[in-house]
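Data first, discussion second: the structure below is written as structure tokens.
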Number of protein chains: 2
Amino acid sequence: MILSKTFGYAIRGILYIALVQKEERKVQIEEISEKLSVPRHFLGKILQELVRNGLLTSVKGPNGGFSLGENTLSKSLLDVYRTTDHIEQLTQCELRFNQCDKIHPCPLHDKVQQIREEFIALLSKTTINDLITGTKKLQLHNIATTGV
Amino acid sequence: MILSKTFGYAIRGILYIALVQKEERKVQIEEISEKLSVPRHFLGKILQELVRNGLLTSVKGPNGGFSLGENTLSKSLLDVYRTTDHIEQLTQCELRFNQCDKIHPCPLHDKVQQIREEFIALLSKTTINDLITGTKKLQLHNIATTGV
DNA sequence: ATAATAAAAGACATCAATGTCTTTTATTAT
DNA sequence: ATAATAAAAGACATTGATGTCTTTTATTAT
């Protein structure tokens, strides 16, 4: 797997909020973590980061919780990746050669680079909304955790 | 990065042995780890595993060390991957959805699957020898570690 | 103002990948 | 046979990702 567990939690958290947020209600971390079987406090920190990065909104206190707006739906998976992972990791030499770039490529560089660019392009052009309105309608039960 | 540090060490270890083994001499772990700046005992364990999996030969005692034959040169990167990593990880759902396969795909499944297959094909069809006899001649100094 | 509620924050725990150190085993040269 | 050498093996350490628990802060309803 290329993407971290943290990233997976972030995406599923966002999707959960988006899916249940038909009415303008806020969703609490307790509910999200239970429904998705994601560790509550760990998820809490991930959502905090998403709030800091403007992907979610949160309100403390009674009737508080997390919510998201239209702008979040148009964010890309790469935007999420930037808050959960280290973006440089997407572009480092797979063989970890000392020097590996276009001028001094490792023997795998060109081939890997092409695949890498496809993957980054996928993350970059796929939005949260794309995940929701994909070919098959996304259901709540689909976004439960796999435990891996 | 998709590939583990362990995998990178394994590849560079194999390449080092292949490159200096013009004459039939055996190469010692001490020399390999120093020249590649790879932790000695950690590399030792990795090479041990490669020996167990038939990718290298080792001899204990004076004048002992590691060596490899023609058969190793024709092994694929996927063969190396199998000794250093968990092969299932190459095919697990990137979003870690509960259920994600051809019948019940996560919203990213098809696109990811395609890229995944390209990557596995690359590992599968690239041999050790391909790395050595690539477009640019592989030099010893190229395979030092990057420290990442 | 006070109490209740929910996120934020911080300290600590666990686990897998990575790394180090010491002891054991096999081989070779004398 | 003995000593020297080098890999193998095993125990332990470190680190980053992941996970848990407790305390703090902000908000709301009363």
Side-chain angles (χ1 to χ4, degrees), chain A residues 1-13 16-17 25-34 36-53 55-68 81 83-86 88-89 92 96 145-148, chain B residues 1-13 16-17 25-34 36-53 55-68 81 83-86 88-89 92 96 145-148:
Chain A
M1 273 171 300
I2 304 169
L3 303 172
S4 68
K5 213 161 178 175
T6 301
F7 177 86
Y9 288 164
I11 290 291
R12 295 213 301 287
Y16 183 87
I17 296 168
R25 85 172 174 105
K26 298 192 189 61
V27 193
Q28 277 126 46
I29 188 76
E30 189 68 33
E31 173 182 336
I32 307 173
S33 70
E34 274 178 15
L36 300 182
S37 305
V38 168
R40 183 200 152 133
H41 296 285
F42 187 37
L43 180 62
K45 280 164 204 227
I46 296 167
L47 298 193
Q48 266 177 51
E49 271 304 310
L50 291 170
V51 168
R52 275 193 205 96
N53 284 270
L55 290 168
L56 291 179
T57 303
S58 68
V59 176
K60 291 181 179 181
N63 306 319
F66 294 88
S67 59
L68 87 222
Y81 187 92
T83 96
T84 60
D85 291 80
H86 307 287
E88 328 82 58
Q89 293 220 346
Q92 276 162 359
R96 296 166 199 246
T145 181
T146 169
V148 178
Chain B
M1 275 170 298
I2 303 170
L3 302 172
S4 68
K5 212 161 177 175
T6 300
F7 177 87
Y9 287 164
I11 290 291
R12 295 213 302 285
Y16 183 86
I17 297 169
R25 86 173 175 104
K26 297 190 189 62
V27 193
Q28 277 127 45
I29 187 76
E30 189 69 33
E31 172 182 338
I32 307 173
S33 71
E34 274 178 15
L36 300 182
S37 305
V38 169
R40 183 201 152 129
H41 296 285
F42 188 39
L43 180 61
K45 282 167 204 227
I46 296 168
L47 297 193
Q48 267 177 51
E49 271 303 312
L50 291 171
V51 168
R52 276 194 205 95
N53 285 268
L55 290 168
L56 290 179
T57 302
S58 67
V59 175
K60 291 182 179 180
N63 306 318
F66 294 89
S67 59
L68 85 222
Y81 187 92
T83 97
T84 59
D85 292 80
H86 307 286
E88 329 81 59
Q89 292 219 347
Q92 277 164 358
R96 296 168 199 243
T145 181
T146 170
V148 179

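Just the heavy atoms: all of them, side chains too, but no hydrogens, waters or symmetry mates, feed the values below. In what follows, chains are A, B, ... by sequence order, proteins preceding strands, each numbered from 1.
If you measure from atom CG of B:Leu3 to atom P of C:dA17, you get 14 Å, rounded to the nearest angstrom. Following rounding to the nearest Å, B:Glu30 (CD) and C:dT20 (C1') show an atom-to-atom distance of 13 Å. The distance from atom CD1 of B:Ile46 to atom P of C:dG19 is 8 Å, rounded to the nearest whole Å. Taking atom NZ of A:Lys60 as the reference point, atom C1' of D:dT28 lies 14 Å away to the nearest angstrom. Here D:dA6 presents its P atom at 12 Å from CZ of B:Arg25, a figure rounded to the nearest Å. Here the C1' atom of nucleotide D:dT5 and the CD atom of B:Gln28 are 9 Å apart, to the nearest Å. Atoms NE2 (B:His41) and P (D:dA8) sit 13 Å apart, rounded to a whole Å. Taking atom NZ on B:Lys26 and atom P on C:dT27, their separation rounds to 12 Å, with Å as the unit.
Nearest to the side-chain atoms of B:Phe66 among the listed nucleotides C:dA7, D:dA9, D:dA8 stands D:dA8. The A:Pro62 side chain lies nearest to C:dT5 when the options are D:dA8, D:dT22, C:dT5.
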Watson-Crick and G-U pairing of DNA chain D written in dot-bracket, each distance under 3.5 angstrom, with | for inter-strand partners
||||||||||||||||||||||||||||||
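Comparing A:Asn63 and A:Leu43 against DNA chain D, the residue whose closest nucleotide sits nearer the 5' end is A:Leu43.
When all heavy atoms of B:Ser33 and B:Pro39 are compared, the closest pair comes out as CB-C, 4.4 Å. Closest heavy-atom contact between B:Ile46 and B:Ala10: CG2-CB, 3.7 Å. A pairwise comparison of heavy atoms in B:Leu68 and B:Leu55 identifies CB-O, 4.1 Å as the closest pair.
No side-chain heavy atom of A:Tyr9 sits under 4.5 Å from any side-chain heavy atom of A:Lys45.
At the heavy-atom level, A:Gln48 lies under 4.0 Å from base atoms of the strands shown.
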Kindly list each side-chain donor-acceptor pair under 3.5 angstrom involving residues 60-67 of chain A, sequence neighbours excluded, with atom names and distances?
none

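In terms of modelled atom types and a separation under 3.5 Å, the side chain of B:Arg12 and the main chain of B:Phe7 share no donor-acceptor contact. Looking only at distances, no side-chain donor or acceptor of A:Arg40 sits under 3.5 Å from a matching main-chain atom of A:Ile32.
In this structure, CG on B:Leu56 lies 5.0 Å from CG on B:Leu50, to the nearest 0.5 angstrom.
The shortest distance between the side-chain N/O atoms of A:Arg52 and the OP1/OP2 oxygens of C:dA7 is not below 4.0 Å. Taking 4.0 angstrom as the limit, A:Ser58 places a side-chain polar atom (N or O) nearer than this to OP1 or OP2 of C:dA8.
Using a cutoff of 4.0 Å between basic side-chain nitrogens and carboxylate oxygens, B:Glu31 and B:Lys26 are not scored as salt-bridged.
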Interface polar pairs with nucleotides 16-19 of chain D, N/O, under 3.5 angstrom:
residue : atom : partner : partner atom : Å
D:dT18  : OP1  : A:Lys5  : N            : 3.1
D:dT18  : OP2  : A:Thr6  : OG1          : 2.6
D:dG19  : OP1  : A:Lys5  : NZ           : 3.2
D:dG19  : OP1  : A:Tyr9  : OH           : 3.4
D:dG19  : OP2  : A:Tyr9  : OH           : 3.0

